[in-house]
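The structure appears right after this line, and notes come after that.
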Amino acid sequence: MFDDGYQVVPAELEETPAGAALSAVLERIDPQRVSPYDTVRLVAAQRRQLAHQQACFHACAREAALADPDAEGGRAERDVAESGDELRAVLSASRTAVARLLDLADAAQRHPRLGAAWRTGEVDEQRVAILVRWTAALSAEHAAAVIAELIDQAGAMTPSRLIERIQALAKALDPAWAEKLYRQARRQRRVRARCTDAGTVNLSALDLPMHGGVRSVRRINALAARAQAAGRPGLIDTIRADVVLALFHPDNAGADDAEIVAAVLAMANDDDPHPHRSPDPAQAPPDDPTPPDDPTPPTHPTPTGDPTSTSTGDSAPLSNPTPPSDPIPPGDAADDGADPSGSIGAGAAGGRRPTRQSRFELRVGLGTLLELDDRPARLPGWGVIAAGVARELAPAHADAEWRVAVTDDSGALIAALLAGRRPAHTTTTPQEPPITGAPRPVVELHVTEAGLARLRPREHVGWTSFLADLQQQLSRWRAARDEDLAAQDAERRAAEPDRPWDEPLDAEAWARVAARRRVRVREALARFRPRHCVAGS
């Protein structure tokens with residue numbers, strides 16, 4: 001046996017519970033002497049012990065806040081008025097910091113599972129604070145339900161992922177509350193301006209409506225991208241700030257986008273920070289984001305003679321239907337930061353592509369739009385939104401590309417369809433002029449295969465043709481998928497002619513299936529990249 005000079009880390013380190021036992025083990029270990037393979041184990045153990053000590057510290061602070069020599073047992077039922085001041089003096093902390101400290105301690109007491117997970121080191125102070133903060137507006141029962149649902153998974157989630165899951169669960173528990181909260185906050189929309197210590201100005205617009213706020217940010221990002229591609233030096237955040245100044249400056253009242261970009265170019269300062277690489281004009285967004293008129297009929301016209309055909313006239317056809325696209329092989333250029341939406345502009349003008357920040361993409365369940373459920377929707381880059389807000393955003397973007405992700409019950413993608421129709425209460429004529437330089441918006445609908453099959457189109461007024469078209473598309477998708485599987489089986493048989501098969505290979509049938517496979521896969525499969533599909537959205 002060879003001595004490599006490293007300090008031995010006990011094999012039972014992971015099983016040692018946080019507390020005195022783990023503390024004693026860690027005290028004997030010098031992190032500078034352990035093997036490179038044991039350093040990560042040591043970090044994980046120290047993190048568990050740190051979370052345990054944080055829980056103990058908060059519990060002690062709570063007891064100090066309740067301490068009352070005149071009360072029975074030396075503890076008051078509520079916080080003593082002077083306890084906060086005493087803690088501030090002991091900790092040299094502000095009143096706000098002490099209040100946050102006691103909020104976490106009280107939450108650990110109110111939710112026993114949360115407190116137990118904290119003491120054992122399964123979750124740390126940061127995740128406890130997230131759970132407490134993002135459930136503060138809920139009722140006590142709903143907050144307890146959300147925490148109980150996520151406490152076992154919180155330690156393995158990133159903070160942003162944990163916040164998103166809390167939002168989704170909270171808004172699904174009480175959709176009416178979520179929509180009421182949104183309406184009340186929107187009524188308080190306002191603008192704030194504050195002078196900083198350095199003499200600069202912070203300008204903030206707060207509690208804006210989702211639709212207007214998202215569209216405004218998309219335009220700011222698109223204008224910043226155009227200015228950067230036109231040679232404006234500086235970081236993209238700096239350029240966005242100058243775009244905001246140019247948009248609201250009185251000298252630019254009535255200016256068009258080209259004039260705004262020119263104003264932004266003139267606002268560059270020599271001492272502005274510079275990015276690591278110069279902007280590439282080839283990456284500029286297109287000057288005209290609108291699709292050209294396409295005389296091609298819709299990709300999936302609804303056949304006549306079907307009992308659920310478009311003869312009812314309750315569905316709006318697309319004015320500019322999207323032509324079929326070639327399949328995008330995995331690992332192609334769409335993975336390198338280009339817009340994965342497959343929208344126009346990502347190659348319509350000399351290979352130029354738009355910025356990711358200027359994209360609008362709404363992911364919502366089909367059942368939510370049909371008002372069969374009130375599950376929250378998602379706006380990537382913005383967060384979770386209530387079902388009522390999603391029902392307002394989807395019709396407002398009827399001119400967008402509507403994708404439909406059909407999944408099985410486990411959430412695995414089965415088919416990726418493009419809707420060739422729109423609900424009757426929407427119009428494909430844009431309600432507002434398109435944002436120059438911004439990619440085409442996307443509305444991504446999610447539905448299970450069984451759920452789509454259960455829908456009866458005629459029972460949903462205004463959606464009959466839309467749903468019938470989706471069901472027919474899915475049947476054609478299944479046929480193409482079955483032919484593809486048959487062709488794969490025939491390929492295996494042809495590659496191994498000496499292997500005994502249960503059934504003989506029909507060469508003529510194989511040639512016919514292979515030929516149809518090449519055509520159907522190109523036209524029916526891979527309508528859009530399914531990497532954005534989220535089960536349960």
Side-chain angles (χ1 to χ4, degrees), residues 167-168 171-172 175-176 178-179 182-183 186 208-218 298 314-322 341-343 358-407 416-432 434-435 438-448 451-452 455 457 459-471 473 527-528 532-534 536-537:
Q167 289 180 319
K171 293 178 180 179
E179 191 164 349
Y182 171 78
R183 309 293 177 197
R186 187 182 63 182
L208 301 178
M210 178 62 72
H211 184 202
V214 170
R215 187 170 178 84
S216 298
V217 172
R218 289 181 61 217
D314 65 345
S315 180
L318 292 181
S319 57
N320 291 317
T322 305
S341 64
S343 59
S358 59
R359 183 191 317 134
F360 173 88
E361 183 175 346
L362 172 65
R363 303 178 192 167
V364 58
L366 178 59
T368 301
L369 296 186
L370 294 175
E371 299 187 16
L372 300 178
D373 58 57
D374 290 309
R375 300 173 68 180
R378 287 180 175 83
L379 275 177
W382 298 90
V384 180
I385 61 175
V389 180
R391 295 189 189 108
E392 293 178 0
L393 288 177
H397 291 84
D399 58 312
E401 179 182 280
W402 281 37
R403 306 169 177 174
V404 183
V406 184
T407 64
L417 312 177
L418 283 180
R421 292 280 177 174
R422 296 293 183 270
H425 60 281
T426 64
T427 173
T428 55
T429 302
Q431 300 178 3
E432 300 174 341
I435 300 175
R440 185 180 181 187
V442 171
V443 176
E444 184 175 292
L445 307 181
H446 295 173
V447 63
T448 63
L452 183 57
L455 291 176
E459 294 181 357
H460 301 278
V461 179
W463 292 81
T464 301
S465 299
F466 178 88
L467 297 176
D469 176 61
L470 291 186
Q471 290 176 344
Q473 283 193 52
R527 291 298 181 191
F528 64 89
H532 290 311
C533 298
V534 180
S537 295

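- Rounding to the nearest 0.5 Å places NE2 of His211 at 9.5 Å from OG of Ser216.
- The two atoms that bring Pro457 and Thr464 nearest to each other are O-OG1, 3.1 Å, heavy atoms only.
- One distance of note links NE2 of His460 with CG of Leu369; it measures 12.0 Å at 0.5 Å rounding.
- Across all non-hydrogen atoms, the minimal contact from Leu418 to Gln473 is O-NE2, 2.9 Å.
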> So Asp374 and Arg391, salt bridge (charged side-chain N to carboxylate O under 4.0 Å, His left out) or not? Walk me through it.
Replying inline: CA-CA 10 Å; Asp374 290 309; Arg391 295 189 189 108; 2.6 Å; yes
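- Side-chain atoms of Arg363 and Pro380, non-hydrogen and from C-beta on, do get closer than 4.5 Å to each other.
- Minimum heavy-atom separation, Arg375 to Thr368: O-OG1, 3.3 Å.
- When atom types are taken as modelled, the side chain of Tyr182 and the backbone of Gly388 share no donor-acceptor pair closer than 3.5 angstrom.
- Here the CZ atom belonging to Arg422 is positioned 10.0 Å from the CG atom belonging to Asp469, to the nearest 0.5 angstrom.
- Rounded to the nearest 0.5 angstrom, Glu361 CD and Arg378 CZ are separated by 12.0 Å.
- Nearest heavy-atom pair, Val406 versus Thr448, reported as atom, atom and distance to 0.1 Å: CG1-C, 4.1 Å.
- Under the 3.5 Å distance criterion, the side-chain polar atoms of Gln471 are matched with a main-chain donor or acceptor of Leu455.
- The aromatic rings of Phe360 and His397 lie parallel to each other, their planes meeting at an angle below 30°, with 60° marking the opposite boundary.
- What you find for Ala386 and Glu179 is that their closest heavy atoms are CB-N, 4.3 Å.
- Contact record, Leu362 with Ala377: CD1-CB, 4.1 Å, taken as the closest heavy-atom pair.
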